[in-house]
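For reference, the structure is listed below as structure tokens.
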Amino acid sequence: MYNFKEVEKKWQDKWYAEGTFNAKNDYSKEKWYGLIEFPYPSGQGLHVGHPRSYTALDIIARKRRMQGYNVLFPIGFDAFGLPAENYAIKNHVHPKITTEKNINHFREQLKSIGFSFDWSREVNTTDPNYYKWTQWIFIQLYKHGLAYKATMPINFCTGCKVGLANEEVVNGVCERCGSPVVQKEKSQWMLRITKYAQRLIDDLDDVNFLDKIKAQQINWIGRSEGAEVNFKISGTDDNLLIYTTRPDTIFGATYMVVAPEHSLIEKYKDRITNLDEVEEYKKKAALKSDFERAELNKEKTGVEIKGIKAVNPLTNEEIPIWISDYVLITYGTGAIMAVPAHDTRDFEFAKKFNLPIKQVIKDKNSENESNELEEAFTDVNNGIAINSDFLNGLASKDAINKAIEYIEEHKLGERKVNYKLRDWVFSRQRYWGEPIPMVYCEKCGWVPIPEEKLPLKLPDVEDYEPGENGESPLAKHEEWINTTCPHCGGKARRETDTMPQWAGSSWYYLRYMDPHNDKELASKEALEYWSPVDWYNGGMEHTTLHLLYSRFWHKFLYDIGVVPTKEPYAKRTSHGMILGSNGEKMSKSKGNVINPDEIVDEFGADAFRVYEMFMGPFDQTAPWSMESIRGCMKFLDRVWNMQDFLVDGDEYSEKFEKMMHKAIKKVSSDIEEMKFNTSVATFMTMVNEFYKEKQINKAEFATFLQLLNPFAPHMTEELYQKIGGTEELAYKAWPTYDEAKTIEDEIEIPVQIKGKVRATITIMKDEDEEKVKEKAKEAVASQLEGKKIIKEIYVKNKIYNIVIS
RNA sequence: GCAGAUGUGGCGGAACUGGCAGACGCACAGGACUUAAAAUCCUGCGAGGGUUAAACCUCGUGCCGGUUCGAUUCCGGCCAUCUGCACCA
């Protein structure tokens, strides 16, 4: 009987004591760098979702070692963040203490599953020796003009009392605590990621990310091409600048709209005759959350700004200017030309406020040119310009270009590319994060801390509560805040905001390359050798932001000569989520959470690993099933018991030779394609075959164990030792196969009549077509009787089909 | 609304490039072993018809249609579910 507890402990103790899986510092060998997203060490411990990703990459890493690569497969902890801080506020335990405790728990859990991590390179984002370099990168960003302070409306969580990035706001509430998010003006550190928008799109061509991941990145960056156009404000020399992607519709612009926050109102308040009404609207809009403003199906609201008018530069018609919150101050110029006939939102607005709708594009597929549009016609691929002077008759796409040419020629505006991507709000009014290494001096302004003084350590405090108006907890600690200016030596005050959790995870993969270096974030040699990450796997939830942020930092580090590659990750894949056995997302409240410790305790680490790979396609969600994992344990027991009918043999027996070669081929390619579930099925089929014969020889067993080793490393090492293996499978060469030996000499093929299978015949591989024909006809002779054969189709070694009348 | 994905037995899922749909596992049923149970081993297992038993026949991969000798796979049109984004002009 297989005692997994004893065996698993034996091998884990050996591996982790000897550092079996530690990357070698031999830079002459070919390297392979596999990366999993390092976990946040939460109080709940490891989730069964973590091992799905870790096992997959562990399998690949183990295979690469057997293939002779110098493998780097590191692990660390992304330990700054809100849960530890919220826990501290509630229970008055320093986040440092809970974090350490949680990390110890995680480490133990991870080791109990037998991952082949290089524990000598463990990193921890909250370690001053680590965040020293996070701060260093920030200072470089600042020195290169990519970090700046700005007062801007930010998302403010009423629960966490903290500013949030757009991406942390989900459906109008805080991603973490679920409290409503409101807009608040605040001075924030910002990172100019927008400067990299185009490169973040373009360089996706050079990496091997899943298409859906690329699509998500591109969607998020949201590039659009169009033009900025000036509309004259009547009776002034002033202009209202708008952005449009459809300059071809400009003849149909019948009014304009500015966002509530647009400066136009302040500027012309003396001329606006209904200022009270406009101000009232502004006030109401400011009180709405982003979510309320964006809510779909919402009735459009707005107020006409009376007293000023704009002039359509192409028709020279005077048109009214409105204020409405359907125009966003944060995108484009915060003002639009409204073309109700060809924009759904403008159409809705025009209908509601009875504004003129002027059709300037017709559908090329539609004959009748009705006078009254039922809805806006927006199809750019099927439109033809009408009522548009020099654009008439042009297809929309050509009309767009012609319109821009005209606009540029007449100095009305210019071609312009816009991105939805905004600069990254980098400040958090929180305690448990990297201090931003900047001081403010009355004389010199913002000054970075000298690099030799890094790390700027987070002070030990006991009060983690944020200030009432959202100030950072650090703002209460005068002794920490007051300092001297590194520049002039005068009095200065420290920045009290800290960095967001995204900071530490934006570059951790670099630190793994040389984790104990106290002179650089990593040595040149290490960076040259290990870059880029060859394969990065993680959750779909991180494929947008984390990936974008770290690609941005990496590109910046490339620009300043720190890293040798343009992109950090050569390949990125994602795993599907594991659901509870009821098919719902695992959550405490639903009571369907599976604790990995209990699974390992009851079934063993190997069974746990095999099951996680067997449960379904790796990239798709899959529900947990206790019955199925039992099946995987049974499979491993059957493997163990094969020693009972082991016989001698240095070569594969005739009986199993083909199966062995086929299996090596199948498992080898399955692992590369992450089709782990079918690999496991292959193992099970093999075991069934060995059981049928009640026989397996040493050569077969050794190869079988080697193939299975990445999936179930403990039991296979033990068995291999038991059957007399001298070395460890971990570094034994991956088995090879002979293509010729994967092909069967005798093949069963179906014989069809009119595409329906009527019989099967056995033929020799590549048998002469005439002979196959003969056999096929013989097999279905009774059904051919008295029928006329119209056509016969033979696909070599595949199928014989006869068409009869 | 936009983008992407998914839909196959009671369940999780296989199926290379258009070529025997349901591999492998779970559950279930029967048998062997056992005083008995568990464990283990063996066998069966899409639906319907047919047969003493087989053979065999029909239907069947979300729905409707198309291409083809042949479609889970390709094309067109729907429906449903999931994920991400969402008044981005």
Side-chain angles (χ1 to χ4, degrees), chain A residues 1 167 170-171 210-216 218-220 222-224 226 242-246 249 257 259 293-298 300 324-328 330-339 342-346 348-349 378 418-422 540-541 543-544 576-577 579 581 583 610-611 614-617 619-632 634-635 637-638 641 666 669 675 677-688 691-692 694 748-760 790-795 797-804:
Chain A
M1 193 57 207
E167 39 276 26
V170 176
N171 290 338
L210 292 179
D211 285 344
K212 63 175 169 182
I213 296 174
K214 285 190 185 180
Q216 260 182 29
I218 290 167
N219 277 347
W220 187 267
R223 180 194 154 100
S224 69
I242 61 96
Y243 175 71
T244 178
T245 54
R246 294 299 301 273
T249 63
V257 188
R293 279 183 64 162
E295 212 169 355
L296 212 69
N297 302 328
K298 188 199 71 176
K300 296 257 183 301
S324 171
D325 63 8
Y326 84 90
V327 173
L328 308 175
T330 45
Y331 185 76
T333 61
I336 61 155
M337 66 171 193
V339 185
H342 306 293
D343 181 281
T344 314
R345 296 148 302 179
D346 298 345
E348 228 177 277
F349 193 81
T378 58
N418 259 329
Y419 302 91
K420 288 187 208 173
L421 185 71
R422 312 288 152 76
M540 228 24 224
E541 68 276 17
T543 48
T544 315
M577 215 186 345
L579 306 173
S581 42
V610 168
Y611 172 61
F614 185 58
M615 64 196 307
D619 59 348
Q620 281 170 37
T621 54
W624 185 268
S625 157
M626 276 305 177
E627 286 74 34
S628 288
I629 190 172
R630 198 160 280 123
C632 290
K634 200 171 111 182
F635 156 71
D637 279 337
R638 276 161 72 82
N641 293 333
K666 173 81 177 144
S669 64
K675 287 162 75 178
N677 52 332
T678 52
S679 278
V680 176
T682 303
F683 295 133
M684 290 171 167
T685 310
M686 290 172 87
V687 170
N688 291 343
Y691 266 74
K692 270 184 203 156
K694 284 270 180 285
E748 278 208 341
I749 65 161
V751 181
Q752 300 183 333
I753 291 178
K754 282 175 146 176
K756 286 195 172 156
V757 180
R758 295 294 148 165
T760 51
I790 297 171
K791 198 173 172 186
E792 287 170 68
I793 299 132
Y794 176 54
V795 181
N797 301 328
K798 278 272 157 69
I799 196 159
Y800 201 93
N801 191 9
I802 302 167
V803 187
I804 57 173

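Just so it is clear: chains get the letters A, B, ... in the order the sequence lines come, proteins before strands, and each one is counted from 1.
Put simply, A:T682 has no side-chain N or O that comes within less than 4.0 Å of OP1 or OP2 on B:C24. Residue A:K212 has no polar side-chain atom (N or O) positioned under 4.0 Å from OP1 or OP2 of B:A5. For B:A89, the OP1/OP2 oxygens have a side-chain nitrogen or oxygen of A:Y331 closer than 4.0 Å.
Heavy atoms of A:V803 sit under 4.0 angstrom from primed sugar atoms or phosphate atoms, though from no base atom.
For the residue pair A:Q216 and A:T544, a side-chain donor N or O sits within less than 3.5 Å of a side-chain acceptor on the partner.
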- Note on the structure: Dot-bracket assigned to RNA chain B with the 3.5 Å Watson-Crick/G-U criterion, [ ] for crossing and | for other-strand pairs, is (((((((..(((......[....))).(((((.......))))).((((......))))..(((((..]....))))))))))))....
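What separates CD1 of A:I793 from C1' of B:C69 is a distance of 3 Å, to the nearest Å. Between A:Y419 atom OH and B:A89 atom P there is a gap of 13 Å when expressed in whole angstrom units. One atom, CD of A:E748, and another, C1' of B:C20, lie 9 Å apart when rounded to the nearest Å. Rounding to whole angstrom units, NZ of residue A:K300 and C1' of B:A89 are separated by 11 Å. Nucleotide B:A89 holds its P atom 6 Å from the OH atom of A:Y243, rounded to whole Å. To the nearest angstrom, P of B:C85 lies 15 Å from CD1 of A:I213.
Put simply, the side chain of A:E541 and the base of B:G84 share no donor and acceptor less than 3.5 Å apart.
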Where do N or O atoms of nucleotides 53-58 of chain B meet protein N or O atoms at under 3.5 Å, pair by pair?
from	atom 1	to	atom 2	distance (Å)
B:C57	OP1	A:R758	NH1	3.1

N/O-N/O pairs, protein side and nucleotides 28-30 of chain B side, under 3.5 Å:
none

Distances under 3.5 Å between nitrogen or oxygen atoms of protein and nucleotides 13-17 of chain B:
from	atom 1	to	atom 2	distance (Å)
B:A14	OP1	A:N677	ND2	2.8

Show me the protein contacts with nucleotides 41-47 of chain B, counting only N or O atoms at under 3.5 Å.
from	atom 1	to	atom 2	distance (Å)
B:C41	OP1	A:R638	NH1	2.6

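Comparing A:R630 and A:L421 along RNA chain B, the residue whose closest nucleotide (by nearest heavy atom) sits nearer the 5' end is A:R630. If A:T244 and A:N219 are placed on RNA chain B by their nearest nucleotide, the residue sitting closer to the 5' end is A:N219.
Listed by chain and residue number, A:D766 satisfy the side chain to side chain donor-acceptor pair (under 3.5 Å) test with A:N797 (two or more places apart in sequence, or in another chain).
The listed nucleotides are B:A27, B:G70, B:A89; the one nearest the side chain of A:S224 is B:A89.
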